[in-house]
Amino acid sequence: MPSRIPLRRFAVRPWAEQEPTWRDAKPALIEAALKRAQARPSGNWYVVGASREVVADKPFGRTVAGREVVLWRGSAGTLKAGGGSCPHLGAPLCDGAVHRGRLVCRWHGLALGEKKFGAWTPLPAHDDGVLVWVRLDEVGGEEPLPEPVLPVRPPSGSIDAVATLVGRCEPEDVVANRLDPWHGAWFHPYSFANLRVLATPTEQDDRFLVEVTFKVARRVGVPVVATFTCPEPRTIVMHIVEGEGEGSVVETHATPLAPAPDGSARTAVVEATIAHSSRRGFGLARPAAPVIRPLMRWAAARLWRDDLAYAERRYALRSTGRWPD
């Protein structure tokens with residue numbers, strides 16, 4: 001069990017005097033890793049949001065790839081899902097209510113459950129304890145899988161938090177951002193220092209291995225080694241494999257939404273941070289999870305405000321034929 005606080009002092013170079021990383025961030029390498037990720041099966045599963053967002057007494061709605069979906073809890077607390085438009089007169093079912101495990105439309109009281117009703121159809125849904133998923137076979141067009149493709153997560157007793165942001169881009173732009181670890185200390189100097197990419201993906205070992213210091217103060221941080229992998233086309237996962245928080249995971253999921261009014265693509269970034277530590281103090285902190293989670297969400301949102309600008313820029317260049325060859 002670790003016995004010392006893992007904070008380290010490190011030298012700080014002026015931002016413009018950092019070692020340039022553009023030579024290492026080869027576009028062909030990033031593109032090849034992206035194409036391998038896109039070729040993996042998803043089983044037509046899409047992340048909708050956090051598990052704790054779907055509560056017992058009201059439905060939760062989202063538009064996924066242009067299709068309205070609604071999720072709610074059945075009488076035993078199990079996750080249910082279906083189309084988001086009432087088959088009677090098209091009311092938004094996300095504005096309805098849940099009564100005795102059934103979804104009730106607030107316009108005329110039509111109650112829907114586990115059976116098809118007219119044009120309305122229940123959808124396969126999955127609650128993994130952190131995130132909720134819905135399967136849309138006609139959207140994904142792949143061979144369906146009974147459950148989503150999930151990465152390895154830390155054991156029970158971890159603290160999880162989920163942040164959701166929306167940008168004008170496609171899921172591939174979100175994944176491509178994370179497949180470029182070289183931008184970390186340049187684009188996020190408030191969070192990262194001393195970033196080194198130790199290994200890059202190949203067809204035989206399709207992962208990044210990165211050494212980085214997470215900044216706590218200007219000259220103080222926590223050094224770790226992390227891997228980045230893509231278990232399916234719309235997900236990229238960071239595992240801390242060495243250093244403080246070993247076993248912790250950050251899952252970044254990209255879910256296509258409905259297009260913007262001007263026709264541009266919109267994507268939700270749903271990022272789940274699952275923190276774990278073998279330190280005794282971490283166990284004592286778990287009861288304070290409701291206080292810690294907002295801080296974890298804030299940290300994720302801070303990074304993604306920058307990274308969505310990256311993803312949106314990539315999409316804007318691709319969609320207008322200006323992406324560098």
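When a residue number appears, it is its place in the shown sequence, counting from 1.
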Over all atoms of both residues, closest heavy-atom pair of [X] and [Y]:
{"X": "V210", "Y": "P181", "value": "CG2-CB, 4.0 Å"}
{"X": "A125", "Y": "A81", "value": "CB-CB, 3.7 Å"}
{"X": "A258", "Y": "T63", "value": "CB-CG2, 3.7 Å"}
{"X": "R106", "Y": "D95", "value": "CD-O, 3.0 Å"}
{"X": "L123", "Y": "G83", "value": "CD1-N, 4.1 Å"}
{"X": "A300", "Y": "A163", "value": "CB-CB, 4.0 Å"}

Practice problem: Carefully, step by step, assess T273 and D160 under the rule side chain to side chain contact (heavy atoms under 4.5 Å, CB included). | Solution: CA-CA 5 Å; T273 302; D160 67 90; over 6 Å; no

Please tell me if the side chains of [X] and [Y] come closer than 4.5 Å, counting only heavy atoms from C-beta onward.
{"X": "E244", "Y": "F214", "answer": "no"}
{"X": "C105", "Y": "L93", "answer": "yes"}
{"X": "V64", "Y": "V139", "answer": "no"}

[atom1]/[X] to [atom2]/[Y] distance, rounded to the nearest 0.5 angstrom?
{"X": "T227", "Y": "L198", "atom1": "OG1", "atom2": "CG", "result": "11.5 Å"}
{"X": "D57", "Y": "H99", "atom1": "CG", "atom2": "NE2", "result": "13.0 Å"}
{"X": "T78", "Y": "H126", "atom1": "OG1", "atom2": "NE2", "result": "13.0 Å"}
{"X": "S75", "Y": "R100", "atom1": "OG", "atom2": "CZ", "result": "11.0 Å"}
{"X": "R207", "Y": "T200", "atom1": "CZ", "atom2": "OG1", "result": "11.0 Å"}
{"X": "N194", "Y": "R13", "atom1": "CG", "atom2": "CZ", "result": "9.5 Å"}

Quiz item: Is the gap between the ring centers of W304 and H188 under 6.0 Å?
Solution: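 No, they do not, as the ring centres are separated by 6.0 Å or more.
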
Quiz item: What about the rings of W182 and W22, do their centers lie closer together than 6.0 Å?
Solution: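 No - the distance between ring centres of W182 and W22 does not fall below the 6.0 Å cut-off.
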
Quiz item: Looking at E138, R135, E143, which one forms a side-chain contact (heavy atoms from CB on, under 4.5 Å) with N44?
Solution: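 Considering E138, R135, E143, a side-chain contact (heavy atoms from CB on, under 4.5 Å) with N44 is found only for R135.
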
Practice problem: Report the residue from L179, T235, T252 that forms a side-chain contact (heavy atoms from CB on, under 4.5 Å) with V174. | Solution: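 Considering L179, T235, T252, a side-chain contact (heavy atoms from CB on, under 4.5 Å) with V174 is found only for T252.
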
For [X], check side chain to side chain donor-acceptor pair (under 3.5 Å) against everything at least two apart and list the hits.
{"X": "D206", "result": "R36, R40"}
{"X": "S42", "result": "E142, R234"}
{"X": "R322", "result": "T320"}
{"X": "E68", "result": "none"}

Is there a continuous path of hydrophobic side-chain contacts, each under 4.5 Å between heavy atoms, that joins [X] to [Y]?
{"X": "F192", "Y": "M238", "result": "yes"}
{"X": "L110", "Y": "V104", "result": "no"}
{"X": "L209", "Y": "L195", "result": "no"}
{"X": "V47", "Y": "L150", "result": "yes"}
{"X": "V98", "Y": "W107", "result": "no"}

Check for a donor-acceptor pair, side chain of [X] on one end and backbone N or O of [Y] on the other, with a separation under 3.5 Å.
{"X": "S319", "Y": "Y315", "result": "yes"}
{"X": "S158", "Y": "P155", "result": "yes"}
{"X": "K116", "Y": "G118", "result": "yes"}
{"X": "S248", "Y": "H276", "result": "yes"}
{"X": "S51", "Y": "V130", "result": "yes"}

Exercise. Assign the ring pair W186 / W15 to parallel, tilted or perpendicular, where the plane angle (0 to 90°) is split at 30° and 60°.
Key: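 W186 vs W15 ring planes: perpendicular.
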
Between [Y] and [X], is the closest basic N to carboxylate O distance under 4.0 Å?
{"X": "K58", "Y": "E53", "value": "no"}
{"X": "R318", "Y": "E172", "value": "yes"}
{"X": "R313", "Y": "D173", "value": "no"}
{"X": "D127", "Y": "R73", "value": "yes"}

Exercise. May I have the step-by-step check of salt bridge (charged side-chain N to carboxylate O under 4.0 Å, His left out) for R314 and D180, ending in yes or no?
Key: CA-CA 12 Å; R314 185 180 188 275; D180 170 16; over 6 Å; no

Self-check item: F187 CZ: over 12 foreign heavy atoms closer than 6.0 Å
Solution: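 Count over threshold, so yes.
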
Exercise. If a pair satisfies ring-ring contact (aromatic ring centres under 6.0 Å, His included) and one of its residues is in residues 59-91, list it, with sequence neighbours excluded.
Key: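 Every pair satisfying ring-ring contact (aromatic ring centres under 6.0 Å, His included) with a residue in residues 59-91: H88-H108.
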
Exercise. Could you give me the CA-CA distance, side-chain angles and deciding distance for K215 and V222, then say whether side chain to side chain contact (heavy atoms under 4.5 Å, CB included) is met?
Key: CA-CA 7 Å; K215 282 188 176 181; V222 180; over 6 Å; no

Practice problem: Start with the C-alpha gap between D262 and R168, add the side-chain angles, then the distance that decides, and say whether side chain to side chain contact (heavy atoms under 4.5 Å, CB included) holds. | Solution: CA-CA 11 Å; D262 64 359; R168 292 197 176 204; 2.7 Å; yes

Quiz prompt | Among Y46, W45, W133, the one residue meeting ring-ring contact (aromatic ring centres under 6.0 Å, His included) with H253 | solution =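 Checked Y46, W45, W133 against H253; only one passes ring-ring contact (aromatic ring centres under 6.0 Å, His included): W133.
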
Exercise. Show your working on side chain to side chain contact (heavy atoms under 4.5 Å, CB included) between V48 and T255 and close with a plain yes or no.
Key: CA-CA 7 Å; V48 179; T255 299; over 6 Å; no

Quiz item: Does R153 have any salt bridge (Lys or Arg N to Asp or Glu O under 4.0 Å) partners at least two apart in sequence or in another chain, and if so, which?
Solution: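 For R153 the salt bridge (Lys or Arg N to Asp or Glu O under 4.0 Å) partners, ignoring immediate neighbours, are D128, E251.
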
